[in-house]
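One structure is given below, encoded as structure tokens.
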Protein chains: 2
Amino acid sequence: MLSQKARYALRALFVLGEHEGNEPIMIADIAEQAKVPRKFLEQILLDMKRRGIVHSQRGKFGGYTLGRDPDDIDFAEVIRVIDGPLALSPCASRTAYRRCDDCEDETTCAIRKVLLAVRDATAEILESRTLAQAIMDEKTAKKRKRRN
Amino acid sequence: MLSQKARYALRALFVLGEHEGNEPIMIADIAEQAKVPRKFLEQILLDMKRRGIVHSQRGKFGGYTLGRDPDDIDFAEVIRVIDGPLALSPCASRTAYRRCDDCEDETTCAIRKVLLAVRDATAEILESRTLAQAIMDEKTAKKRKRRN
DNA sequence: TATAAACTCTACTGAGTCAATAGAGATTAA
DNA sequence: TTAATCTCTATTGACTCAGTAGAGTTTATA
């Protein structure tokens, strides 16, 4: 399961990505639009800031902007920053590998083999879906819906 | 992440599936071979028994056997019984769908669309990998390793 | 029919995580 | 200098996870 925090992070990025113009948006405004508790959002944005996904401007008239082009922000990165590795087991993780301490022989473990396949499929999808795409996608879905 | 409990469940099934002959195996023996705390394993086997994955025989000389052919036990079922739905969000689950209460419009939500793709890919893999296959796979991997 | 050997069921516990809140601190524009 | 903003660390309550405990039920068999 994705944590609530990760869902909030993605929604906040949508707000930033949909914003026209390049002046920063205040946490309070992002919180309201993305329907995220404000103080909780502070932590989330801080995590993403440290990773360079968003950029902040302190002081009066400060706020947040995307840290890079929305084409260069993918779902996998956001989820990894907030929730940790994608794999179902540390022994099947490529970004945060860790041996199972009760595993007889990892190289022949059939469970691990299946979990690796799942991890690869998951990563393939999440790494290929960008914020830019998702925002476009949502826009056209809404447009299509209004027409019907 | 898979829970420890689910990993234990899979290991216990391997022990049952590798067992030759059809007399039942006692919890204590499964626990030892699968390296699972015995009392914890009781709960796990009970969960799987209710789902028909394993079968139990009470009383003296009792124990556990597989509830069906190992060809008909797949990873997805085991994981669902122990850990719940595979999807990363209830709104993306096919077996345990639940609406997000803070979602504006689920039909146009781009996050959900991505999570659905992940769920489908995950389910495809986990539903196609059976216990029988996994046991075979592990056996040949071990054999190959010994030869080298 | 008594007994030992097994599974069954419910309750409990300690550690840890999750979601959220709180508040003092640092920075900036004007 | 001040108001507005982000930054950082601590705390909280509820919940989940991993495991333990123990009384109850069923069965084979002597």
Side-chain angles (χ1 to χ4, degrees), chain A residues 1-12 15-16 23-32 34-67 79 81-85 88-90 100-102, chain B residues 1-12 15-16 23-32 34-67 79 81-85 88-90 100-102:
Chain A
M1 284 277 169
L2 223 56
S3 68
Q4 182 72 332
K5 198 174 172 185
R7 257 187 298 274
Y8 286 161
L10 289 167
R11 291 220 301 260
V15 170
L16 288 172
E23 74 283 11
I25 316 181
M26 289 189 304
I27 292 181
D29 290 342
I30 303 173
E32 197 191 339
K35 293 201 255 182
V36 179
R38 186 225 151 101
K39 291 295 278 180
F40 197 22
L41 181 60
E42 288 184 11
Q43 295 175 22
I44 295 168
L45 288 170
L46 222 40
D47 286 341
M48 292 201 283
K49 185 202 132 135
R50 291 189 185 114
R51 194 58 165 65
I53 299 173
V54 296
H55 171 80
S56 71
Q57 169 70 43
R58 292 170 76 155
K60 208 172 178 180
F61 303 124
Y64 277 89
T65 51
L66 288 181
I79 292 173
V81 167
I82 304 293
D83 281 351
L88 289 174
S89 162
C100 298
D101 40 341
D102 58 356
Chain B
M1 283 277 168
L2 224 56
S3 69
Q4 182 71 336
K5 199 172 172 186
R7 256 188 299 275
Y8 285 161
L10 290 167
R11 291 221 300 261
V15 170
L16 288 172
E23 74 284 11
I25 316 180
M26 290 189 302
I27 292 181
D29 291 342
I30 303 173
E32 198 190 340
K35 294 201 256 182
V36 179
R38 187 226 150 101
K39 290 296 276 182
F40 198 21
L41 181 59
E42 287 184 10
Q43 294 175 22
I44 294 168
L45 289 170
L46 223 40
D47 286 341
M48 292 201 284
K49 185 202 133 132
R50 291 191 185 112
R51 193 57 165 67
I53 298 173
V54 297
H55 172 80
S56 71
Q57 170 70 43
R58 293 169 75 153
K60 206 172 179 181
F61 305 124
Y64 279 89
T65 50
L66 288 182
I79 292 172
V81 168
I82 304 293
D83 282 351
L88 290 174
S89 162
C100 298
D101 38 342
D102 59 356

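Just so we're on the same page: letters track the sequence lines, and every chain starts at 1. The figures that follow rest on heavy atoms only: side chains count, while hydrogens, waters and symmetry mates do not.
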According to a strict under-4.0 Å criterion, is A/Ser56 in side-chain N/O contact with OP1 or OP2 of D/dT7?
yes
Give me the atom names and distance for the closest heavy-atom approach of B/Leu41 to B/Ala12.
CD1-CB, 3.9 Å
DNA chain D: 5'-proximal contact among A/Gly59 and A/Arg50 (nearest heavy atom):
A/Gly59
Could you tell me if the side chain of A/Ile82 sits less than 4.5 Å from the side chain of A/Met48, heavy atoms only?
yes
Distance in angstrom units between A/Glu42 CD and C/dA20 C1', rounded:
12 Å
Under-3.5 Å donor-acceptor pair between B/Lys5 side chain and D/dG19 base:
no
Under 4.0 Å between a side-chain N/O of B/Lys49 and OP1 or OP2 of C/dT8, yes or no?
yes
Could you tell me how far apart B/Leu16 (CG) and C/dC7 (C1') are, to the nearest whole angstrom?
14 Å
Using a distance-only criterion (donor-acceptor N/O pair, under 3.5 Å, no hydrogens), is the base of D/dT20 paired with the side chain of B/Gln43?
yes
B/Val36 versus B/Ile30: any side-chain heavy-atom pair under 4.5 Å?
no
Mind calculating the distance between CG (B/Leu2) and P (D/dT16) to the nearest angstrom?
18 Å
What nucleotide, of D/dT7, C/dC7, D/dC6, holds the atom closest to the side chain of A/Arg38?
D/dC6
Non-hydrogen side-chain atoms of B/Arg7 and A/Asp102 separated by less than 4.5 Å:
no
If each of A/Lys60 and A/Phe40 is mapped to the nucleotide of DNA chain C with the nearest heavy atom, which maps nearer the 5' terminus, i.e. the 5' end?
A/Phe40
When you match B/Gly63 and A/Pro37 each to their closest nucleotide on DNA chain C, which lands nearer the 5' end?
B/Gly63
What's A/Phe61 touching, base or sugar-phosphate or nothing? Going by heavy atoms closer than 4.0 Å.
sugar-phosphate
Quick one: are A/Pro24 and A/His55 in side-chain contact, heavy atoms under 4.5 Å?
no
Applying a 4.0 Å non-hydrogen cut-off, can you work out what A/Gln57 is touching in the nucleic acid: base, sugar-phosphate, or nothing?
sugar-phosphate
Atom CG of B/Leu46 and atom P of C/dA11: how far apart are they, to the nearest Å?
14 Å
Taking OP1 and OP2 of C/dA20, is either one under 4.0 Å from a side-chain nitrogen or oxygen of A/Tyr8?
yes
Main-chain N/O of A/Ala34 paired to A/Arg11 side chain as donor or acceptor, under 3.5 Å:
yes
Between D/dA18 (C1') and B/Lys35 (NZ): distance, integer Å:
18 Å
Need one value for B/Ile27: base, sugar-phosphate or nothing, where a base atom within 4.0 Å counts as base even if backbone is also close, heavy atoms only.
sugar-phosphate
Any side-chain N or O of A/Arg7 less than 4.0 Å from the OP1 or OP2 oxygen of C/dA19?
no
Between P on D/dT7 and NZ on A/Lys39, what's the gap in Å once rounded to a whole number?
12 Å
Side chain of B/Arg58, base of D/dT25: donor and acceptor closer than 3.5 Å?
yes
For atom OH of B/Tyr64 and atom P of C/dA6, their distance in whole Å
14 Å
Rounded to whole Å, how long is the line connecting atom CD1 of A/Ile44 with atom P of D/dC6?
14 Å
